[in-house]
Visitor: 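Just passing along the structure, written as structure tokens.
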Amino acid sequence: DGGITQSPKYLFRKEGQNVTLSCEQNLNHDAMYWYRQDPGQGLRLIYYSQIVNDFQKGDIAEGYSVSREKKESFPLTVTSAQKNPTAFYLCASSGQFFNQPQHFGDGTRLSIL
Amino acid sequence: DQQVKQNSPSLSVQEGRISILNCDYTNSMFDYFLWYKKYPAEGPTFLISISSIKDKNEDGRFTVFLNKSAKHLSLHIVPSQPGDSAVYFCAASALNTGTASKLTFGTGTRLQVTL
């Protein structure tokens with residue numbers, strides 16, 4: 001089945017540690033995205049990549065980093081510089097044309113202890 | 001600055017009746033709009049979209065209406081079913097800015113369909 005896999009579903013880390021969230025897609029999509037959702041809020045764009053080896057900051061990139069070495073993979077690192085990292089993180093992908101909607105994974109809930 | 005607004009955090013509708021979810025936007029550069037449905041602890045699922053060259057798009061029980069002059073869109077679900085109970089997000093993008101797939105989301109409306 002084609003889709004987007006985010007792992008793990010739940011992640012706990014100690015304050016001050018970097019943590020990397022995995023996102024893999026087998027939809028052959030060129031573009032991939034990372035969003036953050038907080039309670040009562042919409043999805044906010046962290047980073048996006050429209051092609052391998054290229055990515056751009058979204059609206060709330062501070063304290064996060066990404067890489068796009070393969071078309072299928074777009075890992076997100078939450079660094080210790082991110083002041084409020086506890087949130088629900090969603091990865092998405094889409095084709096290269098504007099009328100191709102983004103498809104989402106099931107998310108990773110990150111909790112900082 | 002909330003460029004996409006869903007002013008109703010929640011909506012309750014009886015099964016079989018029409019559900020109307022509303023969305024307003026402020027950025028006149030937005031020209032492509034989408035609705036997503038989200039269950040708890042899952043990722044959003046794409047429902048329906050509309051381009052600014054249209055004022056209506058229909059897919060089964062779901063219809064999206066776009067009023068460009070009012071910068072307003074709405075999602076109609078007819079008839080509503082219990083399985084429609086979820087959070088619905090409105091999203092918008094500006095195709096002519098070179099970031100065709102960059103979406104701005106509203107804060108969501110929680111729809112509850114009662115028996």
Side-chain angles (χ1 to χ4, degrees), chain A residues 3-11 21 23 25 27 29-51 54-61 74 87-111, chain B residues 1-10 21 23-25 27 29-54 57 59 62 64 86-110:
Chain A
I4 300 174
T5 301
Q6 289 187 244
S7 60
K9 196 162 182 70
Y10 299 95
L11 191 54
L21 282 60
C23 178
Q25 56 100 357
L27 299 167
H29 284 164
D30 289 303
M32 296 187 74
Y33 314 80
W34 274 105
Y35 294 88
R36 168 183 173 139
Q37 186 187 16
D38 294 283
Q41 295 195 34
L43 282 65
R44 293 183 290 166
L45 183 64
I46 304 172
Y47 268 98
Y48 64 104
S49 166
Q50 295 197 317
I51 197 167
D54 188 42
F55 49 83
Q56 288 82 40
K57 293 182 179 179
D59 301 317
I60 54 165
F74 191 40
F88 188 52
Y89 290 88
L90 286 157
C91 178
S93 69
S94 70
Q96 61 180 312
F97 300 110
F98 74 92
N99 60 350
Q100 294 178 300
Q102 294 180 23
H103 295 265
F104 285 81
D106 280 340
T108 292
R109 182 164 299 281
L110 174 64
S111 298
Chain B
D1 176 29
Q2 192 74 29
Q3 297 186 66
V4 177
K5 301 177 186 178
Q6 293 177 255
N7 292 319
S8 298
S10 63
L21 294 93
C23 178
D24 297 293
Y25 61 96
N27 189 341
M29 302 293 280
F30 287 149
D31 50 11
Y32 188 62
F33 305 89
L34 307 89
W35 284 94
Y36 282 84
K37 172 181 177 179
K38 185 181 181 302
Y39 294 116
E42 292 184 11
T45 303
F46 169 72
L47 267 180
I48 192 168
S49 63
I50 188 167
S51 162
S52 61
I53 61 173
K54 292 185 169 184
N57 190 25
D59 183 2
F62 302 92
V64 56
V87 177
Y88 290 78
F89 288 99
C90 170
S93 69
L95 303 181
N96 57 0
T97 60
T99 53
S101 295
K102 186 178 172 186
L103 295 179
T104 301
F105 282 84
T107 53
T109 296
R110 181 177 302 279

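If you're wondering where the values come from, they're calculated on a predicted model, not measured in any experiment. Letters A, B, ... are given to chains in the order of the sequence lines, protein chains preceding strands, and every chain is numbered from 1.
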Visitor: Yes or no on side chain to side chain contact (heavy atoms under 4.5 Å, CB included) for B:Phe105 and A:Tyr35, after CA distance, side-chain angles and deciding distance?
Guide: CA-CA 10 Å; B:Phe105 282 84; A:Tyr35 294 88; 3.6 Å; yes

Visitor: Could you give the distance from OG1 (B:Thr107) to CG (A:Asp38), rounded to the nearest 0.5 Å?
Guide: 12.5 Å

Visitor: In terms of heavy-atom pairs under 4.5 Å with chain B, which of A:Arg44, A:His103, A:Gln37, A:Gln6 leads?
Guide: A:Gln37

Visitor: Please find the pair of heavy atoms, one from A:Leu90 and one from B:Glu42, that lie closest to each other, and give the distance.
Guide: CD2-O, 4.5 Å

Visitor: If you look at every heavy atom in B:Phe46 and A:Pro101, which pair is closest and at what distance?
Guide: CD1-CB, 3.5 Å

Visitor: Hey, is NZ on A:Lys9 packed in by over 12 heavy atoms from elsewhere, all under 6.0 Å?
Guide: yes

Visitor: Would you say B:Lys102 and A:Asp59 make side-chain contact, with heavy atoms under 4.5 Å?
Guide: yes

Visitor: Going by side chain to side chain contact (heavy atoms under 4.5 Å, CB included), name the residues that satisfy it together with B:Asn27, two or more places apart in sequence or in a different chain.
Guide: B:Gln3, B:Met29, B:Phe30

Visitor: Taking side chain as C-beta onward, heavy atoms only, is B:Phe89 less than 4.5 Å from A:Leu43?
Guide: yes

Visitor: Is it true that a side-chain atom of B:Tyr36 and a backbone atom of A:Gln102 form a donor plus acceptor pair closer than 3.5 Å?
Guide: yes

